[in-house]
There are 2 protein chains.
Amino acid sequence: METSAPTLSRKAQIDQTATRLFRRRGYAATSMRELATELGIEAGSIYSHIRSKEEILHRICFRLADEFMQGWRNATADAHASAATQLRRAIESHVHVLIHNVDASAVFMHEWRHLSEPAHGEFLQLRHRYEANFRELIARGVAAGELHTPDPAFAALTLLASLAWLPSWYRPDGKLGPEQIAERLADQLLGGLAPAG
Amino acid sequence: METSAPTLSRKAQIDQTATRLFRRRGYAATSMRELATELGIEAGSIYSHIRSKEEILHRICFRLADEFMQGWRNATADAHASAATQLRRAIESHVHVLIHNVDASAVFMHEWRHLSEPAHGEFLQLRHRYEANFRELIARGVAAGELHTPDPAFAALTLLASLAWLPSWYRPDGKLGPEQIAERLADQLLGGLAPAG
DNA sequence: CCTACCGATCGGTAGG
DNA sequence: CCTACCGATCGGTAGG
């Protein structure tokens, strides 16, 4: 979504520009007039394409939630794969989604709390479900003897922390490409979890 | 600061209550009228004790920055200690500050970007200095053969990520106490960095 | 610490 | 998509 496309619908343009502004200044501190100026139109004109400011935030957050969830399902679809393999694939999928949606991911991480009910609660549920997936996969790996760690829940916590932290330091022009980041992240985290020996 | 004290100056009460509100609703979305209501006074009355809304945010952010920095200096004061030991002490110090200032730490992590210049730039410099301290300490440990990791900068990144993530899941009534969290965090991170054996 | 108020800005709408 | 505007709310101040 942050990649430049030849022709975007006005609605898609609004979402894209708002994503960038919400990330840079925060949802609450971004005004519809700023958004309009950035788009080269008047503030009132925005409302022919959307119903409210929060509707934009809602779309950003839930679109990303969908992508992360879909990525998880693909990564863990192969039931024959070991827990360690599924975990590595899930990490790679997460990094992939994140890097192709850097601005939206940052909004996803920090601005969702400005959603009002019931969206706020629905979002939190999705997020908890996603995080629980990682916790349970790590626990399964430990139970199967594939992974070793004194506290699976704590290990999951540091993994999720690293994933959440990524959009704040990732630079598209950095020396590490998407694939390398995913690989190094998976290696480092799985390395700490691998059976001693 | 989040612990209940018998008598706080009005200014300290304002800071404490604002910290809680800024954390829960975000700086931009918190109004001075909400803050006043929470304090049981009228909005205008706040300004006999402070000059502006941003002044409160400024104090919160820079007080925490000071505490983190002072903790770092204490943890690394003993030049005879190994890099691994200094790193463990620095992690414990960081967790200690964070856990005794949960709300302020969350504000410190997420709301500093609403500071205007020059405070914004000054804060970023302090933060970069603090993060660089960890990076350089890990690099020294690797150079001395005390720590092993393929990419010291990347290892520092996941460490800082875990520290930044802490306020979002820490619960004072959880089963892990402050010391245990610091210990487990240090163990897990240093375990992944320890010489293979 | 309150009352009363300032100018600015907010999200959003009506009518074209 | 614009013009013109709504009521509400914002951070902050004057004067007591």
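Everything numeric in this text was worked out from a predicted model, so none of it was measured. Labels below follow one simple rule: chain letters A, B, ... track the order of the sequence lines, proteins then strands, and each chain is numbered from 1.
None of A:Arg24, A:Arg25, A:Arg23, A:Arg20 except one satisfies the salt bridge (Lys or Arg N to Asp or Glu O under 4.0 Å) rule with A:Asp103; the exception is A:Arg23.
When distances are taken from the side chain of A:Arg10 to each of C:dC10, D:dC1, D:dT3, the shortest belongs to D:dC1.
Here the closest heavy-atom approach between residue A:Ser82 and residue A:Thr85 is recorded as OG-OG1, 2.9 Å. B:Asp78 and B:Gln86 get closest at one heavy-atom pair: O-NE2, 3.3 Å.
Stretches of at least 3 consecutive Watson-Crick or G-U wobble pairs, with each checked distance under 3.5 Å, appear in DNA chain D as C:1-16 with D:1-16.
Taken from CH2 in B:Trp165 to OG1 in A:Thr158, the straight-line distance is 11.5 Å, to the nearest 0.5 Å. How far CG of B:Leu185 is from NE2 of B:His94: 9.0 Å, rounded to the nearest 0.5 Å. Separating the OG1 atom in B:Thr19 from the CG atom in B:Asp15 is a distance of 6.0 Å, to the nearest 0.5 Å.
Between B:Asn133 and B:Phe68 the shortest side-chain heavy-atom distance does not fall below 4.5 Å. The closest side-chain heavy-atom distance from B:Met69 to B:Arg129 is below 4.5 Å.
Here D:dT9 presents its P atom at 12 Å from CZ of B:Arg25, a figure rounded to the nearest Å. Rounded to whole angstrom, the span from the CD1 atom of A:Ile41 across to the P atom of D:dA4 amounts to 18 Å. The nearest whole Å value for the distance from the CD1 atom in A:Ile14 to the C1' atom in C:dG11 is 14 Å. Separating the CG atom of A:Leu35 from the P atom of D:dC1 is a distance of 12 Å, rounded to the nearest angstrom. In this structure, the CZ atom of A:Arg33 is 11 Å from the C1' atom of D:dC6, given to the nearest Å. Here D:dT13 presents its P atom at 10 Å from CE of B:Met32, a figure rounded to the nearest Å. What separates CD of B:Glu42 from C1' of C:dC2 is a distance of 7 Å, to the nearest Å.
No close placement of the B:Phe22 and B:His114 rings is indicated, their centers lying 6.0 Å or farther apart.
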Inset, instruction - Could you please spell out the steps behind the side chain to side chain contact (heavy atoms under 4.5 Å, CB included) verdict for B:Phe134 and B:Leu87? - result: CA-CA 8 Å; B:Phe134 276 96; B:Leu87 184 55; 3.8 Å; yes
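When the side-chain nitrogen and oxygen atoms of B:Ser31 are compared with OP1 and OP2 of D:dT9, none of them lie within a distance under 4.0 Å.
With 3.5 Å as the limit, one finds a donor-acceptor pair spanning the side chains of A:Glu117 and A:His120.
For the segment residues 43-59 of chain A, residues with any heavy atom less than 4.0 angstrom from an atom of DNA chain D are, sorted by number, A:Ser45, A:Ser48, A:His49. DNA chain C lies under 4.0 Å from no heavy atom of any residue of residues 114-123 of chain B.
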